[in-house]
Protein chains: 2
Amino acid sequence: MELFTERGYEQTTVADIAAHAGLTERTFFRHFADKREVLFPVGTWFHDLFVEPVAAAPDDISPIGAVTRALATAAKTMEAEPGRENARARHRIVASNPDLLEREVGKLAGVAAAIAAAQRGRGVEEPAASLTAELCIAAFRVAFERWVADGETRSLGELIEESLEGIAAAVA
Amino acid sequence: MELFTERGYEQTTVADIAAHAGLTERTFFRHFADKREVLFPVGTWFHDLFVEPVAAAPDDISPIGAVTRALATAAKTMEAEPGRENARARHRIVASNPDLLEREVGKLAGVAAAIAAAQRGRGVEEPAASLTAELCIAAFRVAFERWVADGETRSLGELIEESLEGIAAAVA
DNA sequence: GTCGTAATGACAGTTACTGACATCACTGTA
DNA sequence: TACAGTGATGTCAGTAACTGTCATTACGAC
């Protein structure tokens, strides 16, 4: 992040990153699949936040209800864990490079697919499973984009709620 | 496409493609920004199909109505222009490689951003502009995925309608 | 103290991509 | 017809992202 904010993502080589971190280029690639991956959380972060809650939702919760609950808890975690300023700094870098943006939406698409699978696991039929998953990610993406925008002060939770209400209002 | 279906995307080098097409590697990169780009339509295809109709929608059409109309015409064009079997062959290749999948969702995200801008251009306020755009792309993505699935015979138009109905039913 | 295991370093190699310059085909004009 | 200009292509050298392989080192169990 330091190097990226100083000279920019493309002007920073992974040899630079490795040297700055005190290790070898080869070792870098043993920890991260590729250069972009340094900017994305490792492990099961996304999974724990988005798909686990959906998979664990009780049977009497509707498909849209399951993703709504997941979004609410995810919002709380994200406000605390990386923090808003960290998210803003990271977002500035990601937004500055097409490859990084692509990776970001790719990750979210992967999460959407996992949510859809979780929905199917709770007995939701197919068009609904994928649609509610995509809805969830769409609501999150729009809310997150506003959350990290300059001058925005409302909480991520509020913005997600507003997204969900906006969707309901749009299709009404 | 020939080479990709024969040996697979990753096993095909750009030098292979260039040689097979009777030109130089350098010339390839003058026509395509990178290796993945060969599998994506050139020019203003997406734009003409998705954002132009939204931008041109009359003022008395609701935000969701504008994207619904765009989806309907896009469906008709796609059934004819590349054809279903071509779409299936291409989709098999794209689905076989994470980088290609990433590029695909990246392209769609770009289209969503352009649709949102078009909505704003017609006076739609901000949460609604982005949300209806994302909704449009979500409905399309799910419908398209089913359209190219093995054994599916319904038309893309039908599947898109089913997507839109599914969204409405989910949030009702 | 030694052995096994996992992480790291060292190094060579492939491939995607880029910049710079020369060459060639083509088109309009005197 | 000769010629100048323009755009597409070939050639070549170079960078940087990745990968395979093997040696080395750190570290915990016994």
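Numbered from 1 within each chain, the chains take letters A, B, ... in sequence-line order. All values below come from the heavy atoms of this structure, side chains included, with hydrogens, waters and symmetry mates left out.
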For this session: Rounded to the nearest angstrom, tell me the gap between atom CZ in B/Arg26 and atom C1' in D/dA8.
Result: 12 Å
Exercise. Any side-chain heavy atom of A/Val94 sitting closer than 4.5 Å to one from A/Tyr9?
Worked result: no
Problem set entry | DNA chain D-proximal residues of residues 1-24 of chain B, any heavy atom under 4.0 Å | B/Leu23, B/Thr24
Exercise. Does A/Arg103 have any salt bridge (charged side-chain N to carboxylate O under 4.0 Å, His left out) partners at least two apart in sequence or in another chain, and if so, which?
Worked result: A/Asp34, A/Glu37, B/Glu102
Exercise. Under 3.5 Å, side chain of A/Arg88 to main-chain N/O of A/Asp150, donor-acceptor pair present?
Worked result: no
For this session: Grab the CG-P distance between A/Asn97 and D/dA17 for me, whole Å please.
Result: 12 Å
Seminar exercise, completed: The first and last nucleotides of DNA chain C lying within contact of chain B, meaning any atom under 4.0 Å from one of its heavy atoms, run from C/dA16 to C/dA20
Exercise. Among residues 29-38 of chain B, which residues get a heavy atom nearer than 4.0 Å to DNA chain D?
Worked result: B/Arg30, B/His31
Problem set entry | Over 12 foreign heavy atoms within 6.0 Å of CD, B/Glu2 | no
Exercise. Using the benzene-type ring in the case of Trp, are the ring centres of A/Phe140 and A/Phe50 under 6.0 Å apart?
Worked result: yes
Exercise. Is it true that a side-chain atom of B/Ser62 and a backbone atom of B/Gly65 form a donor plus acceptor pair closer than 3.5 Å?
Worked result: yes
Problem set entry | Main-chain N/O of B/Glu134 paired with A/Arg141 side-chain donor or acceptor, under 3.5 Å | no
For this session: Identify, with sequence neighbours excluded, every residue that meets side chain to side chain donor-acceptor pair (under 3.5 Å) alongside A/Arg120.
Result: A/Glu126
Under 3.5 Å, side-chain donor or acceptor atoms of residues 73-81 of chain B against the rest of the protein: list the pairs with distances, not counting sequence neighbours.
| unit_1 | atom_1 | unit_2 | atom_2 | d |
| --- | --- | --- | --- | --- |
| B/Thr73 | OG1 | B/Ala70 | O | 3.0 |
| B/Thr77 | OG1 | B/Thr73 | O | 3.0 |
| B/Glu79 | OE2 | B/Leu156 | N | 2.7 |
| B/Glu79 | OE2 | B/Gly157 | N | 3.4 |

Problem set entry | Short N-O contact, B/Arg90 and B/Glu104, less than 4.0 angstrom | yes
